[in-house]
2 protein chains.
Amino acid sequence: MELSDRKKQILKLVVEDYVDSAEPVGSKVIAQQMGGSVSSATIRNELADLVEQGYLEQPHTSAGRIPSPKGYRLYVNELMEKHRLSLEETREINRGLQMKMQELDRMITQAGQLLSSFEGYPAYVAAAGKGSVRVKRYELLPVDESGCILVLMTNDERVKSQLLHLQLKVPGEKLPVVTSLLNNHFAGISAEEMNRRLMDVSEQLAPAMFLLLSQIVSYTTRVLEEANRKEVRTVGASQLLKLPEFRDADKAHQLMSFLAEEKEALPAPDEQSAMKILIGPENVSEALQDTSVVVASYDIGDNMRGLIGVVGPTRMDYAAVAARLSCFAEGLTRMFGKREHGELPPGEEHEE
Amino acid sequence: MELSDRKKQILKLVVEDYVDSAEPVGSKVIAQQMGGSVSSATIRNELADLVEQGYLEQPHTSAGRIPSPKGYRLYVNELMEKHRLSLEETREINRGLQMKMQELDRMITQAGQLLSSFEGYPAYVAAAGKGSVRVKRYELLPVDESGCILVLMTNDERVKSQLLHLQLKVPGEKLPVVTSLLNNHFAGISAEEMNRRLMDVSEQLAPAMFLLLSQIVSYTTRVLEEANRKEVRTVGASQLLKLPEFRDADKAHQLMSFLAEEKEALPAPDEQSAMKILIGPENVSEALQDTSVVVASYDIGDNMRGLIGVVGPTRMDYAAVAARLSCFAEGLTRMFGKREHGELPPGEEHEE
DNA sequence: CTTTAGCACTCAGGGAAAGAGAGTGCTAAA
DNA sequence: TTTAGCACTCTCTTTCCCTGAGTGCTAAAG
């Protein structure tokens, strides 16, 4: 059943008042905000209806009303006006993202920090490979008789390298042979496949050579594993303690442990959509039942997709959060897009 | 003035009781624990003396006593018995550290997590270079006409690499020339020096060459910067909320923000010593006035030194924490020592 | 001089009682 | 359908009192 326009307007006012007061809102305030065109008694009747229909809740008889998850949902879907970011705000976000490009890892962590400080809520970020990163090319550089450098280039254009200590000496002249062996037989395949091939050729090789190869394969396996893993970081959890709904240490502790330990369970937007809003019980995770999550996705080059979101109380300024969040997501996409073409000396790297 | 043996014994009992009850301890309990050899009245007299001398405090008249920082200090210096870790415990720690070796970064973070979960307090970890990491050797690998891979080897035996997109095309044949130029003139010097040299030679070079060089120098600068930076990570901050002294949201918030934002200010042991215990006001940071910190150092190969510590309430089981912490530090040192000699295929690297 | 028993005193913490205030629901009139 | 009026409900805060733990002091005993 559709709500009357007036009911919707009232619901909207309740949500917005509650969002910034964190206190149940009464009929009088609403009447006032509607310009005195109706009396508080009328509002009371409407409020009672809204409660009955499940859009509002009453902490106890004779308290004001607060929005229920269903009420927030309606608000988000229909009532929420697009929040316009001020020019300054947009600029500030983009300036913030304009930090020195460093590794992707640090980069997105910083974006998360920035977001968290903007919103005053904990934030989370992740970058996820699309699954099948492979090695495109191998290179071996001699160092001395018992060591060499292995350089890997992956099909998503990243480079990793590693110093290998050899258990058995391999003369420098042999390296090109190994290199071409690797490039011919170990490029473009998955880690499992690599291990299988290694076994296949094991008997035809000199032991020293085999040892070297297994060292390389084992390192490569780790690199691929890592490139494919989705690692979620959470930032700014301590912000929770500023919110009235988390003054209770137990509640705060529960959520914070969740954010610290099970961050993999935090929601992500669906494949197609750019943003997702989950209100209270719409979350699957037990620990998020009383919180809302707003999360957006962004692109990292062509092969990866990132994720950036905030966690807060259901009482959340969805319009503003959503607006800022898409600004972040767009900023990040732009940023990572640019780097692909190397306008600036970007900064892609790696480290031990 | 030296304390009598009995006073020391009493102080010791007060500390130990308070550590696990978190409640002021009274004369009666102490008398009991001393085996009934003296009456509670006697104890009261002694307690009064200890308060006067500043080793104990009284939250209010007619409450029991709690140790003051001075009292804890005496306890730590003289009274504390070496806590013997059970065999299981040692084994458990070492098993925990035996995780798959990955990058140093992730490795020490995991150690921190492990520590934090052992102690039930927040932990922090860092690895710090000894200051002057330099590039030992450069290598350039051709990719295509508008790109090449730069590989750096530093004097602490780490390898970093990066894909460079060239603004201007540089034919593959030229690369060896550039490489030797780099190795002859840009190796073994600081980042500032590198930039200076770059300026010096700028006029004698073709523009394309100059551009390439500056790209390399700028990347190298970043790498060196990062290799020399001490990055501190904190883990398990949410554990604070379980402690009675941090049930108050404001207090908890204050400390947690400090741990999240100013972790660089967390104490480190002095150059020579392996462990440091800082009790309450012995800390310089404002935010740590009511907490104690126990921190140990460990070695990462020959060039780096790591740091691992916990932050907790002044009421802390110093003996046990210190014992476990050195077990951690030793484990890490052993671990990183081993890798240097390449028993196992270690895993030193870098990414993206 | 040290230890002990005895006792009055202090203070935090918990619960009950009382008052204030906000906001409701209902009724009856416009 | 809206409004004014009013009694009622329920939370929150404050106050008060009581209890219990633990002290400090005094005076006597070792």
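We name chains A, B, ... by the order of the sequence lines, and we start the count at 1 in each one. Note that this is a predicted model, so its numbers are computed, not measured. What's counted below: heavy atoms across the whole structure, side chains too, no hydrogens, waters or symmetry copies.
- Separating the CD atom of A:Q32 from the P atom of C:dA22 is a distance of 13 Å, rounded to the nearest angstrom.
- A:D290 CG: 12 or fewer foreign heavy atoms inside a 6.0 Å radius.
- For B:E46 and B:R6, the salt-bridge test passes: some basic side-chain N is under 4.0 Å from an acidic carboxylate O.
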Passes salt bridge (Lys or Arg N to Asp or Glu O under 4.0 Å), B:D250 versus A:R247? Steps please. CA-CA 8 Å; B:D250 290 324; A:R247 310 254 359 151; 3.5 Å; yes
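- Contact of the A:V310 side chain with the A:Y124 side chain is not registered, since no non-hydrogen atoms from C-beta on lie closer than 4.5 Å.
- For D:dT2, the OP1/OP2 oxygens have a side-chain nitrogen or oxygen of A:R6 closer than 4.0 Å.
- For DNA chain C, the stems formed by at least three consecutive Watson-Crick or G-U pairs, with both atom-pair distances below 3.5 Å, span C:1-30 with D:1-30.
- Taking a cutoff of 4.0 Å between a charged side-chain nitrogen and a carboxylate oxygen, B:E2 and B:K8 qualify as a salt bridge.
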With a 3.5 Å cut-off and sequence neighbours excluded, list the donor-acceptor pairs that the side chains of residues 27-35 of chain B form with protein atoms.
from, atom 1, to, atom 2, distance (Å)
B:S27, OG, B:R44, NH1, 3.3
B:Q33, NE2, B:D17, OD1, 3.2
B:Q33, NE2, B:D17, OD2, 3.4

Each nucleotide N or O in nucleotides 23-30 of chain C that has a protein N or O under 3.5 Å away: list the pair and distance.
from, atom 1, to, atom 2, distance (Å)
C:dT24, OP1, A:S27, N, 3.3
C:dT24, OP1, A:R65, NH1, 3.1
C:dT24, OP2, A:S27, N, 3.4
C:dT24, OP2, A:S27, OG, 2.6
C:dT24, O5', A:R65, NH1, 3.4
C:dG25, OP1, A:R65, NH2, 3.3
C:dG25, OP2, A:R65, NH2, 3.4
C:dG25, N7, A:R44, NE, 3.2
C:dG25, O6, A:R44, NH2, 3.2

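- The neighbour count for B:E81 CD, taken as heavy atoms of other residues, nucleotides or ligands under 6.0 Å away, does not exceed 12.
- Put simply, CD1 on A:I43 is 15 Å from P on D:dT1, counting in whole angstrom units.
- Nucleotide C:dT4 holds its C1' atom 18 Å from the CD1 atom of B:I30, rounded to whole Å.
- In this structure, B:S39 does not reach the C:dT3 phosphate: none of its side-chain N or O atoms is under 4.0 Å from OP1 or OP2.
- Using a 4.0 Å cut-off between a side-chain N of Lys or Arg and a carboxylate O of Asp or Glu, B:E245 and B:K251 do not qualify as a salt bridge.
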